[in-house]
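Encoded as structure tokens, the structure appears first; notes follow it.
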Amino acid sequence: MLNIIQNIVSVALFLPYLVFFIVLFVALKSNRKPARAFGIAADVTTFVLFFAVPIAVEALFDLKTMIYILCIALVLSMFMTYQEWTNKKEIELLPLLRKIWRFLFILLSFVYIIVLLSGFIVKLMNYMN
């Protein structure tokens, strides 16, 4: 049983977009609106990407980046909170957290794609030499 769970977590960390599409499919089948289902899938995938990006970077380039990603997320959260406070003067916590989390989804997705493409190029160049 533990081996099955370990394999599922490994696949989820290696293919976070597979997690996105599975959660999106399940959310759509549970009679959610498409925009709401997309949001739920993005939220779950963001959590997976927080672990997948540092693992991919470490596997490909032997660099430990988890602390840097967490620091960037913290600084980004502080900046977005300050921006929200200057614009509205009264902060609504849940919409702000949702906005931060969704922005982190976009940012981490972009970084994950860049890491995969650069890893593919590096491995291809190593193979050609």
Side-chain angles (χ1 to χ4, degrees):
M1 182 66 182
L2 187 60
N3 196 17
I4 294 171
I5 295 171
Q6 182 181 9
N7 288 337
I8 291 171
V9 170
S10 297
V11 168
L13 290 175
F14 183 68
L15 299 169
Y17 298 112
L18 181 64
V19 173
F20 176 81
F21 288 117
I22 290 171
V23 173
L24 181 66
F25 179 75
V26 169
L28 284 172
K29 289 297 178 186
S30 66
N31 295 328
R32 300 263 189 220
K33 294 178 182 175
R36 180 81 174 125
F38 188 86
I40 292 169
D43 292 343
V44 172
T45 307
T46 303
F47 180 74
V48 174
L49 283 168
F50 261 110
F51 296 102
V53 170
I55 289 172
V57 170
E58 187 172 352
L60 293 171
F61 305 111
D62 200 29
L63 298 170
K64 297 195 181 296
T65 58
M66 180 62 119
I67 191 71
Y68 299 116
I69 290 173
L70 291 176
C71 288
I72 289 169
L74 183 64
V75 168
L76 182 70
S77 300
M78 290 188 306
F79 176 75
M80 289 179 78
T81 303
Y82 177 76
Q83 184 181 14
E84 186 82 12
W85 176 68
T86 56
N87 289 340
K88 294 188 178 177
K89 296 294 181 197
E90 192 165 317
I91 298 173
E92 295 180 35
L93 189 59
L94 287 178
L96 174 64
L97 290 176
R98 188 176 302 121
K99 189 185 301 183
I100 292 168
W101 197 248
R102 302 280 166 82
F103 187 76
L104 287 173
F105 169 73
I106 294 169
L107 182 67
L108 289 171
S109 295
F110 179 72
V111 170
Y112 190 77
I113 290 169
I114 296 297
V115 168
L116 286 183
L117 289 176
S118 61
F120 178 72
I121 291 169
V122 166
K123 296 299 180 184
L124 185 65
M125 292 178 74
N126 286 343
Y127 177 75
M128 294 177 104
N129 290 333

Discussion item. Could you see if Tyr68 belongs to whatever hydrophobic cluster contains Val115? Use Ile, Leu, Val, Met, Phe, Trp, Tyr and a side-chain cutoff under 4.5 Å.
Written reply: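 No, Tyr68 and Val115 fall in different hydrophobic clusters.
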Fill in: Transitive ILVMFWY side-chain link Ile22 to Phe25, under 4.5 Å
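In one cluster with Ile22: Phe25, no.
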Does atom [atom1] ([X]) have a neighbourhood of more than 12 heavy atoms from anything else shown, all under 6.0 Å?
X: Ile67; atom1: CD1; result: no
X: Phe120; atom1: CZ; result: no
X: Asn7; atom1: CG; result: yes
X: Phe47; atom1: CZ; result: no
X: Arg102; atom1: CZ; result: yes

Quick one: [atom1] on [X] to [atom2] on [Y], what's the gap to the nearest 0.5 Å?
X: Met80; Y: Leu97; atom1: CE; atom2: CG; result: 10.0 Å
X: Ile106; Y: Leu49; atom1: CD1; atom2: CG; result: 12.0 Å
X: Leu18; Y: Leu13; atom1: CG; atom2: CG; result: 12.0 Å
X: Ile55; Y: Lys64; atom1: CD1; atom2: NZ; result: 10.5 Å
X: Leu104; Y: Thr45; atom1: CG; atom2: OG1; result: 13.0 Å
X: Ser118; Y: Ile113; atom1: OG; atom2: CD1; result: 11.5 Å

Answer yes or no: is there a side-chain heavy-atom contact under 4.5 Å between [X] and [Y]?
X: Met78; Y: Tyr82; value: no
X: Thr46; Y: Phe50; value: yes
X: Glu92; Y: Glu84; value: no
X: Met66; Y: Val57; value: no

Worksheet item: Between Tyr17 and Ser109, is there a donor-acceptor pair closer than 3.5 Å when you use the side chain of the first and the backbone of the second?
Response: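 Judged by distance alone, yes, a pair lies under 3.5 Å.
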Worksheet entry | Check: Asp43 main-chain N/O paired with Trp101 side-chain donor or acceptor under 3.5 Å |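 Checking the backbone N and O of Asp43 against the side chain of Trp101, a donor-acceptor pair under 3.5 Å is found.
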Discussion item. Counting the benzene-type ring for Trp, do Phe38 and Phe20 have ring centres under 6.0 Å apart?
Written reply: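 For Phe38 and Phe20, the ring centres are under 6.0 Å apart.
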Fill in: From CA spacing to verdict: side chain to side chain contact (heavy atoms under 4.5 Å, CB included), Ile114, Phe110
CA-CA 6 Å; Ile114 296 297; Phe110 179 72; 4.0 Å; yes
So, for [X] and [Y], which heavy atoms are closest and what is the spacing to 0.1 Å?
X: Leu28; Y: Ala37; answer: CD2-CB, 3.7 Å
X: Phe105; Y: Ala42; answer: CD1-O, 3.6 Å
X: Thr65; Y: Pro54; answer: OG1-CA, 3.5 Å

Worksheet entry | Working for side chain to side chain contact (heavy atoms under 4.5 Å, CB included), residues Ile100 and Leu76 | CA-CA 8 Å; Ile100 292 168; Leu76 182 70; 5.6 Å; no
